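Just below is one structure, and these are the notes that go with it.
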Amino acid sequence: MATHLRILHLENSEPDRALVRRALVGGELACTFAYAANRGEFAAALERGTPDLILADFTMPDSSGASALALAQEKCPEVPFLFVSGTIGEERAIESFKSGATDCVLKERLERLLPAVRRALREAAERAQRRQLETQLRQAQKMEAVGLLAGGVAHDFNNALTVVTGYARLLLDHATMPPDAIEPLTQIFNAGTRAANLTRQLLVFSRKQPVNRRAIDLNQVAGEISEMLRRLIGEHIKLELTLSPDPCPAEADAGMMEQVLMNLAVNSRDAMPNGGTLAIATEHITIDDEATRLHPEARPGEFVCLSVRDTGCGIPPENLQRIFEPFFTTKKAGHGTGLGLATVFGIVQQHQGWIELESAVGAGTCFRILLPAAPPAAVVPAHRPAESAAAGGGSETVLFVEDEPAVREFAVAVLRSGGYRVLQAGSGLDALEVWKWHGPRIALLVTDLVLPDGLSGVELAAQLRKEKPALKVVLTSGYTNETIGKEFRPPAGTHFVQKPYQPQVLTQAVRDALDGNHSR
Ligand SMILES: Nc1ncnc2c1ncn2[C@@H]1O[C@H](COP(=O)(O)OP(=O)(O)OP(=O)(O)O)[C@@H](O)[C@H]1O
Ligand SMILES: [Mg+2]
């Protein structure tokens, strides 16, 4: 216990103050004393600042020690309060313990003071730690509950939005659409797309968005997106990119990592309306047992760290607990939805990482994202194949399985307009029935992951492939169901399409699957 202790001593006798000081100083405790000679001075001292420890004589000229104790209990109940008194008497001692005093030490037995102070400080530290753990637990439970709620709503939204944006797109692409319908349809399409983007963020936060993990190098992700970030933050903010000289490999979803960087960069931009510096850095970090104490989620091992530091307005302490909550925003209506950091939080959790945060009002903020490092040899380039503009059509027979009728009708219309022959089913069992009659000519199964009657999309695909190993499969989903696992990886040889999807994304995935191209 080598910390510097600030002790407030309520005592009007100069010789007694000296005796108490002598009993404490030199006992491995580095301490400074502030004195109060009466209740008024004591109250004023508490107003000036909270001490680490309070010592008080019981009998004071203008009042009793009990009233000082009551005041301390009101102002700073967590600070240990010890009576150091000439006389106190058993009855009054018991009374003071009941009112919250930590200990009573008699002036003629001052050798007891140091051990009593040590014990009081140790117990106070334990109480503080327990309080902190409780707060963290409450925070984690709240995030979990909000995540469940958000995920449930987002899933239904996704189905609805697939229909809204999908039909709008179909009509827009229709050659005979009257010109005066184009503008309203475009508005519908754009509003639906914006809503779909929000829904996607909610799904990420609730950790129901599938992660497409590959071994990637964070240096590469940060390097590639930096040009875009530069444009995003504007010319009044200087962007500094400091990449680690060694690779920073992680098993991660490159698109999600870009999203993390974007969300953090946009927040930093908003925090620096009059300009400043945004510094993005990557580094490789080894965390040992000692370092794990600094952060509750930290654990020993090899990690890669992505940090985003700004010289902006900083975050006030009272907001620090709340910034990762969905819909917490300090921005004006229409300027922020409060989903940016919730999304970052969800992504980092899904990658078994954690976030460290430092912020000082007026000085700036630094977010550090730590992710488990992957073995360096595994890294493949993070480039994604370019989207091809033309969506592929074809004439093969497709079995389309989806329980939501509106989504099914829309998708079937899309595939038929691409020239495909489409058979449809609303559940896994229905699909088996269709298969019984038409199996030989079905070239591709497109199925939702979660189906109503107990047979999942993955199980259905496996069952049909037993009969026809060459069957091509495209899985679709608005989220990955808990039973399938939070980290859903599509089985080998299957393609995956995230809802809500646009017509050309569906037809492209169908064409790619049929042609045996790699999934995008
Ligand atoms: N770098 C930062 N500096 C200062 N405050 C920040 C910073 N990053 C986040 N904040 C605070 O945290 C709040 C929540 O951030 P978050 O990104 O979740 O939502 P938002 O930026 O308000 O809205 P959205 O990202 O959905 O557009 C912000 O409103 C802001 O008060
Ligand atoms: Mg934001």
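Counting convention: from 1, in listed order, for ligands and their atoms alike. Just so you know, these numbers come straight off a predicted model, no measurement behind them.
Shown in contact with G336 at under 4.0 Å from a heavy atom are these atoms of ligand 1, numbered in order with element: 23 (O), 27 (O).
Of the protein's non-hydrogen atoms, A271 CB, 3.3 Å is the one closest to atom 3 (N) of ligand 1. Nearest protein heavy-atom contact of atom 16 (P) of ligand 1 is L341 N, 3.5 Å. Ranking the protein heavy atoms by distance from atom 28 (C) of ligand 1 puts T330 OG1, 3.9 Å first. Nearest non-hydrogen protein atom to atom 12 (O) of ligand 1 is I323 CG2, 3.3 Å. Here the protein heavy atom with the shortest distance to atom 8 (N) of ligand 1 is N267 CB, 3.3 Å. Closest to atom 21 (O) of ligand 1 among all protein heavy atoms lies K331 NZ, 2.6 Å. From the protein, the heavy atom lying nearest to atom 13 (C) of ligand 1 is F328 O, 4.0 Å. In terms of protein heavy-atom proximity, atom 22 (O) of ligand 1 is closest to T329 OG1, 2.5 Å.
When T343, I315, V361, D310 are checked for heavy-atom proximity to atom 1 (N) of ligand 1, D310 turns out nearest.
Between E402 and K499 there is a salt bridge, since a side-chain N of the basic residue sits under 4.0 Å from a carboxylate O of the acidic one. A salt bridge does not link D253 with R213: none of the charged nitrogens is closer than 4.0 Å to a carboxylate oxygen. Checked for salt-bridge contact, E47 and K75 meet the test: a charged N lies under 4.0 Å from a carboxylate O. With salt bridges taken as basic N to acidic carboxylate O contacts below 4.0 Å, one links E283 and R368.
Taking 4.5 Å as the limit, every side-chain heavy atom of L5 sits out of range of all side-chain heavy atoms of T32. Within the 4.5 Å cutoff, side-chain heavy atoms of L460 are placed close to those of L445. Here the side chains of E235 and R230 are not in contact, with every heavy-atom distance at 4.5 Å or above. Within the 4.5 Å cutoff, side-chain heavy atoms of K331 are placed close to those of N267. Looking at K472 and H495, their side chains never come closer than 4.5 Å, going by heavy atoms from C-beta outward.
Counting only distances under 2.8 Å, and ignoring water, the protein N, O or S atoms around the Mg ion (ligand 2) are N267 OD1.
An N or O contact shorter than 3.5 Å is missing between C313 and ligand 1 by distance. Geometrically, ligand 1 and G340 share a nitrogen or oxygen pair separated by less than 3.5 Å. Polar contact check, G338 against ligand 1: a nitrogen or oxygen pair lies under 3.5 Å apart. Considering backbone and side-chain atoms together, D270 places no N or O closer than 3.5 Å to any N or O of ligand 1.
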TODO: Before giving the answer on side-chain hydrogen bond (donor to acceptor under 3.5 Å, both in side chains), spell out for N219 and T282 the whole-Å C-alpha distance, their side-chain angles and the decisive distance to 0.1 Å.
DONE: CA-CA 6 Å; N219 281 342; T282 57; 2.5 Å; yes
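Residue contacts with ligand 1: G312 is excluded, as none of its non-hydrogen atoms falls under 4.0 Å.
Atoms CG and OG1, on L415 and T507 in that order, are 7.5 Å from each other to the nearest 0.5 Å.
Cation-pi contact between R169 and F189: present, with separation from the ring centre below 6.0 Å and deviation from the ring axis of at most 45°.
In this structure, the ring of W354 has its center less than 6.0 angstrom from the ring center of F303.
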